Number of protein chains: 2
Amino acid sequence: MAVTTVAQGAKMLPTNEILSGDCIEVMNSLPEGSIDLIFADPPYNLQLKGELHRPDNSRVDAVDDAWDQFDSFKIYDQFTRAWLKAARRLLKPNGAIWVIGSYHNIFRVGTALQDAGFWILNDVVWRKSNPMPNFRGKRLTNAHETMIWASKSEGAKYTFNYEALKELNEGVQMRSDWVLPICSGHERLKDDNGDKAHPTQKPESLLHRVLVGSTNPGDIVLDPFFGTGTTGAVAKLLGRNYIGIEREEAYRKVAAKRLGQVRPLDSAALQTTVSKRAQPRVAFGQLVERGLLRPGEMLVNPRGQAAKVRVDGSLVSAEHRGSIHQVGAALENAPSCNGWTYWQFKRDGQLIPIDILRQQIRSEMHD
Amino acid sequence: MAVTTVAQGAKMLPTNEILSGDCIEVMNSLPEGSIDLIFADPPYNLQLKGELHRPDNSRVDAVDDAWDQFDSFKIYDQFTRAWLKAARRLLKPNGAIWVIGSYHNIFRVGTALQDAGFWILNDVVWRKSNPMPNFRGKRLTNAHETMIWASKSEGAKYTFNYEALKELNEGVQMRSDWVLPICSGHERLKDDNGDKAHPTQKPESLLHRVLVGSTNPGDIVLDPFFGTGTTGAVAKLLGRNYIGIEREEAYRKVAAKRLGQVRPLDSAALQTTVSKRAQPRVAFGQLVERGLLRPGEMLVNPRGQAAKVRVDGSLVSAEHRGSIHQVGAALENAPSCNGWTYWQFKRDGQLIPIDILRQQIRSEMHD
DNA sequence: CCAGAGAATGAATCCTTTG
DNA sequence: GCAAAGGATTCATTCTCTG
């Protein structure tokens, strides 16, 4: 396995590695503010054996201890708040977290996230196309799980690859409900006995969508409940760096083997649609400076109203003057206006959007 | 408005009434253990900041009402725990509750439910077929809301009409994700100015599924945040008793008028499926033979397209003819279609699914 | 009357850079 | 840190208007 260790302050950040131990202790040993994204699939309420600590750090045995429902929630909350605190410390200021769960635990997790200062961006429903039916007919088929996507704090500039997800969704905006099959067939890892290696292995398609949507190539993705390494496998495939933490030897072993078999996609395949926001800014005045538009030339809006271009790149219409955006907004009596897509100029009797000229300048900037 | 008052211990239980006032105080004035089902649509605590405009510069009419404003999560939690406590006191031992919310509040609600001793049965996702998009492209389309269904306590014998929901779902187990359109068009109530009467009116289809699935005719259904009375309207239609609590005079007025126009279905139509195997097959033509539908009468599909009923029980639309299933499939350009749940007919200006008539025939066959 | 175009609208935690 | 300016961004459905 490729291991890169990055110095961050006093501590070191081991990337593309599976770390052994209790996730809270291991997270606290890593450098603060070093992680771009955390994906966490924490244990549910009654699968906590060996995961729980009382406030005095003694271990709780969820099976042997006779606890009532309230104690159970109380201890689960302590556990949740503890690992979320360690996770939040690790995140870069613009980092984000995804946590997946079901109705047994997701409400505890969501409340703890909000109380810890995370800022929820969306809750996302993984709608299973092939869930296990409710055999006894006493409830609805439990056909989904819930993921919470949150930034480290309110106002943070989280990563969101809007265009890439839109592309994944046949050209329309990605919604908060994702229909994906459960992990089965060849993708489902088996142990030496042919039994499933992990009880809750997530499908790679789910992680694919999460990582394409909320990370960039080269980002560092941490999974504190690594299991059989689905997060790492998809991260590696997508050219992201992963850090896995897993306490169970058996899972680490399966994950290590799995990760050794993953070959990253080449960089061309990783390219996604570029957002217009990511493109360099062009001042309208440059069009005049470069002679693409002449001072004195008239621009026309969709209503057929005209405005004259001045040498400094400002516009003058019958009643308004200012930038292409300001004059457009004034004529539309609107709070704002994108002048680039609003105005047209005339060439050989044809009306042409001025945005064409901006694209021309941008393409020259690349040369 | 029909008012029935039922003596329960020392206090009286006013049914099929809209009660005025703060929901906690009013709930505490009602007799303990008297309610079968509570449906609650509490404030979501949206915490919206500035204005939002669509790309066409039109302004989004946001939920900025005073009743949705809370100063902090702590205050919101206090409110939530207080009304849930009052609600739980009102429930019969085998009673249940539904609460609907979004990611802003649903995690607080779920945690409070669990802490109060409720036992979560399912979380149900309402997947909106036509949500408002994310206009700035900064997040996923918020395309769903979450409902939590919980019994009063663990081990309670809650009502669940498994077969009825299965029938509503074309013969397969009802899942925890429900695809339904938002409330719009004629169903959306308007005030005297032609504006929406309530900012967050829920669709009747949602309540229909909730009440068919988790109540029986004659049950008492309480909605502590009654608004314009969707819960009451569907409860009355389905032969359940309702109690609404609403603070705002304007909403109570709209709700009262609405409820006055609802005419309950007759008892035969309310008989829900007992067991699928026990159900005799009913040919659509029997509805015509028995005069439940007249030859020449028009059926309407969800798109508003019409088809005419013929004497032999076949349908004719503008372009297609055949069975209710065939014409439905052709109009949907789908391989198959359950005509029973697809077509509706008109009575007294209301659209009613033809499946109601099938159930009526079946109930007569049992006699 | 119908068909087609255009406008309206919905529980929304909805921007980024420069000066 | 704040104010000002640049400029990027939407889907399904229903209602209304026009021809």
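Since the model is a prediction, treat every value here as computed from it, not as a measurement. Residue numbers start from 1 in every chain, and the chains themselves are labelled A, B, ... in the order their sequence lines are given, proteins ahead of strands.
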Engineer: For A:R175 and A:A283, take the nucleotide of DNA chain D holding the closest heavy atom to each; which residue's nucleotide lies nearer the 5' end?
Structural biologist: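 That would be A:A283.
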
Engineer: Say we look at D:dG6 and C:dA11: how far apart would their P atoms be, to the nearest angstrom?
Structural biologist: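 After rounding to an integer number of Å, I get 35 Å for this pair.
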
Engineer: Looking at every strand, decide which applies to B:H186 at a 4.0 Å heavy-atom threshold: base, sugar-phosphate, or nothing.
Structural biologist: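 Sugar-phosphate contact only - B:H186 comes under 4.0 Å of backbone atoms but never of a base.
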
Engineer: Can you confirm whether the side chains of A:W98 and A:S214 place a donor and an acceptor under 3.5 Å from each other?
Structural biologist: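 There is such a pair (donor and acceptor under 3.5 Å, judged by atom type) between the side chains of A:W98 and A:S214.
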
Engineer: Report the distance from atom CG of A:D177 to atom C1' of D:dA12, rounded to the nearest whole Å.
Structural biologist: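 Distance check: A:D177 CG to D:dA12 C1' gives 14 Å.
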
Engineer: Between D:dT10 and C:dC15, how far apart are the P atoms? Round to whole Å, please.
Structural biologist: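 C:dC15 and D:dT10 have their P atoms separated by 14 Å.
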
Engineer: Looking only at side chains, do B:S102 and B:H104 share a donor and an acceptor under 3.5 Å apart?
Structural biologist: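 The answer is yes; a qualifying pair exists.
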
Engineer: Just how far, in rounded Å, is P of D:dA8 from CD1 of A:I354?
Structural biologist: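 Taking atom P of D:dA8 as the reference, CD1 of A:I354 is at 11 Å.
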
Engineer: Would you call B:K308 and B:E297 a salt bridge, using N to O less than 4.0 angstrom?
Structural biologist: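 The answer is no: the pair does not qualify as a salt bridge.
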
Engineer: Applying side-chain hydrogen bond (donor to acceptor under 3.5 Å, both in side chains), run through A:Q173 and B:T141 and close with a yes or a no.
Structural biologist: CA-CA 7 Å; A:Q173 209 172 73; B:T141 309; 2.6 Å; yes

Engineer: From CZ of A:R281 over to C1' of D:dG6, roughly how many Å is that when rounded to an integer?
Structural biologist: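 One finds 5 Å between C1' of D:dG6 and CZ of A:R281, rounded.
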
Engineer: Please list, in numerical order, the residues of residues 331-344 of chain A that have a heavy atom closer than 4.0 Å to any atom of DNA chain D.
Structural biologist: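 Those residues are A:S336, A:C337, A:N338, A:W340.
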
Engineer: Take the protein atom CZ of A:F160 and the nucleotide atom P of D:dT9, then report the distance between them rounded to whole Å.
Structural biologist: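 Interatomic distance, CZ of A:F160 to P of D:dT9: 12 Å.
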
Engineer: Apply side chain to side chain donor-acceptor pair (under 3.5 Å) to A:K152 and list each qualifying residue two or more places apart in sequence or on a separate chain.
Structural biologist: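 A:K152 satisfies side chain to side chain donor-acceptor pair (under 3.5 Å) with no residue once adjacent residues are dropped.
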
Engineer: Over all strands shown, is B:R303 touching base, sugar-phosphate only, or nothing at heavy-atom distances under 4.0 angstrom?
Structural biologist: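 Nothing, no heavy atom under 4.0 Å.
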
Engineer: Using ring centroids (six-membered ring only for Trp), state whether B:W67 and B:F225 fall under 6.0 Å.
Structural biologist: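 Centroid separation for B:F225 and B:W67: 6.0 Å or greater.
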
Engineer: Is the shortest side-chain N to carboxylate O distance from B:K190 to B:D195 below 4.0 Å?
Structural biologist: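 Answer for the salt bridge query: no.
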
Engineer: Do A:L331 and A:Y342 come within less than 4.5 Å of each other through their side chains, counting heavy atoms only?
Structural biologist: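 Yes, close enough: below the 4.5 Å cut-off.
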
Engineer: Considering only residues two or more places apart or on different chains, which pairs with a residue in residues 124-136 of chain B satisfy side chain to side chain donor-acceptor pair (under 3.5 Å)?
Structural biologist: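 Found A:D177-B:R127, B:R127-B:D177, B:K128-B:E145.
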
Engineer: Which whole number of Å gives the distance between the P atom of D:dA8 and that of C:dT9?
Structural biologist: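 The same atom, P, in both gives a distance of 27 Å.
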
Engineer: Please test B:Y76 against B:N105 for side-chain hydrogen bond (donor to acceptor under 3.5 Å, both in side chains), starting from the C-alpha separation and ending with a verdict.
Structural biologist: CA-CA 9 Å; B:Y76 187 79; B:N105 71 322; 3.0 Å; yes

Engineer: Answer with base, sugar-phosphate or nothing: what part of the nucleic acid does B:E187 contact at a heavy-atom distance below 4.0 Å?
Structural biologist: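 No contact.
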
Engineer: Take the protein atom CE of A:M174 and the nucleotide atom P of D:dC11, then report the distance between them rounded to whole Å.
Structural biologist: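 In whole Å, D:dC11 P lies 12 Å from A:M174 CE.
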
Engineer: Does atom CG of B:N193 have more than 12 heavy-atom neighbours, drawn from other residues, nucleotides or ligands, at distances under 6.0 Å?
Structural biologist: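 For B:N193, atom CG is crowded (more than 12 foreign heavy atoms under 6.0 Å).
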
Engineer: By the rule that syn is within 90° of 0, classify the base conformation of C:dT13 as syn or anti.
Structural biologist: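 In terms of base orientation relative to the sugar, C:dT13 is syn.
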
Engineer: Establish, with yes or no, whether the OP1 or OP2 oxygen of D:dT10 is under 4.0 angstrom from a side-chain nitrogen or oxygen of A:K166.
Structural biologist: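 Checking D:dT10 against A:K166, a side-chain N or O does come within under 4.0 Å of OP1 or OP2.
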
Engineer: Go ahead and write out DNA chain D as dot-bracket, 5' to 3': ( ) for pairs within the strand, [ ] for ones crossing earlier pairs, | when the partner sits on another strand, dots for unpaired; Watson-Crick or G-U wobble, both distances under 3.5 Å.
Structural biologist: .|||||....|||||||||

Engineer: Could you walk me through whether A:S153 and A:R88 pass the side-chain hydrogen bond (donor to acceptor under 3.5 Å, both in side chains) check?
Structural biologist: CA-CA 9 Å; A:S153 55; A:R88 189 157 185 267; 4.8 Å; no

Engineer: Please determine whether side-chain hydrogen bond (donor to acceptor under 3.5 Å, both in side chains) holds for the pair B:T228 and B:H198, giving the CA-CA distance in whole Å, both sets of side-chain angles, and the decisive distance to 0.1 Å.
Structural biologist: CA-CA 7 Å; B:T228 51; B:H198 192 284; 5.4 Å; no

Engineer: Return yes when atom CZ of A:R290 has more than 12 non-hydrogen atoms of other residues, nucleotides or ligands closer than 6.0 Å, and no otherwise.
Structural biologist: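 Counting neighbours around CZ of A:R290, more than 12 heavy atoms of other residues, nucleotides or ligands fall under 6.0 Å, so yes.
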
Engineer: Take nucleotides 1-14 of chain C nucleotide by nucleotide from the 5' end and write B, S or -, depending on whether a protein heavy atom sits under 4.0 Å from the base, only from the sugar-phosphate, or from neither.
Structural biologist: --------BBBBBB

Engineer: Which residues within residues 304-328 of chain A lie with some heavy atom under 4.0 Å of an atom in DNA chain D?
Structural biologist: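 Here the set is A:S323, A:H325, A:Q326.
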
Engineer: Between C:dT13 and C:dT17, how far apart are the P atoms? Round to whole Å, please.
Structural biologist: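 Looking at atom P only, C:dT17 and C:dT13 are 22 Å apart.
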
Engineer: Is it the case that atom NZ in A:K85 sees more than 12 heavy atoms from other parts of the structure closer than 6.0 Å?
Structural biologist: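 Atom NZ in A:K85 is not crowded, with 12 or fewer foreign heavy atoms closer than 6.0 Å.
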
